[in-house]
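What follows is a single structure, written as structure tokens, with notes after it.
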Amino acid sequence: MKANIHPKYYPDATVVCACGNTWITGSTMPEVRTDVCSACHPFFTGQQQRLVDRAGQVDRFNRRFQVAQELQVTETKREAARRKREEARRLVEIVDEKGVEPLATGAEAPEE
């Protein structure tokens, strides 16, 4: 085994949480800082409604969800327009097959 490859161990390392809670543990660093601990985490405190939002994750999710909903509405409108065009094309094919002229839509009938 190689000598002097292991980091220094601090048996009395201090852990400091963002909420102000501190405790002593063993670590390879003399001081450890953390964002959430058992004193402030919603699972341990019973405050399940409280959200721990790191770097706007909830806001980012809500924006993505809103964009997805808008895209779905747009796709639904496109699909409805496509169906309408397809139906009109089918009607034109039926009229062409039967040899019947379509009804005039505000235009005068052609003179014969």
Can you name the residues that form a side-chain hydrogen bond (donor to acceptor under 3.5 Å, both in side chains) with Glu75, not counting sequence neighbours?
Arg78
Kindly compute the distance separating CD (Gln66) from CD (Glu70), expressed to the nearest 0.5 Å.
5.0 Å
Contacts of type side chain to side chain contact (heavy atoms under 4.5 Å, CB included), residue Glu87, not counting sequence neighbours:
Arg90, Leu91
Heavy atoms only: give me the nearest Cys40-Asp35 pair and the separation to one decimal.
SG-O, 4.2 Å
Using 0.5 Å steps for rounding, measure from the CG atom of Leu71 to the CD atom of Gln69.
11.0 Å
Residues that Ala13 engages under side chain to side chain contact (heavy atoms under 4.5 Å, CB included), provided they are two or more places apart
Tyr10, Ser27
Taking only residues at least two apart or on different chains, which pairs with a member in residues 5-34 satisfy salt bridge (Lys or Arg N to Asp or Glu O under 4.0 Å)?
Glu31-Arg33
Tracing side-chain contacts under 4.5 Å among Ile, Leu, Val, Met, Phe, Trp and Tyr outward from Val15 reaches Trp23, Met29, Val32
Would you please test Thr34 and Val16 for side-chain contact (heavy atoms from CB on, under 4.5 Å) and show each step?
CA-CA 6 Å; Thr34 183; Val16 180; over 6 Å; no
Sequence neighbours excluded, which residues qualify as salt bridge (Lys or Arg N to Asp or Glu O under 4.0 Å) partners of Glu93?
Arg89
Contact check, side chains of Val67 and Arg63, non-hydrogen atoms, under 4.5 Å:
no
Between the side chains of Arg83 and Glu86, is the shortest nitrogen-to-carboxylate-oxygen separation below 4.0 Å, so that they form an ion pair?
no
Phe65 atom CZ, neighbour heavy-atom count above 12 within 6.0 Å:
no
Considering residues, nucleotides and ligands other than Glu79, do more than 12 of their heavy atoms fall under 6.0 Å from its CD?
yes
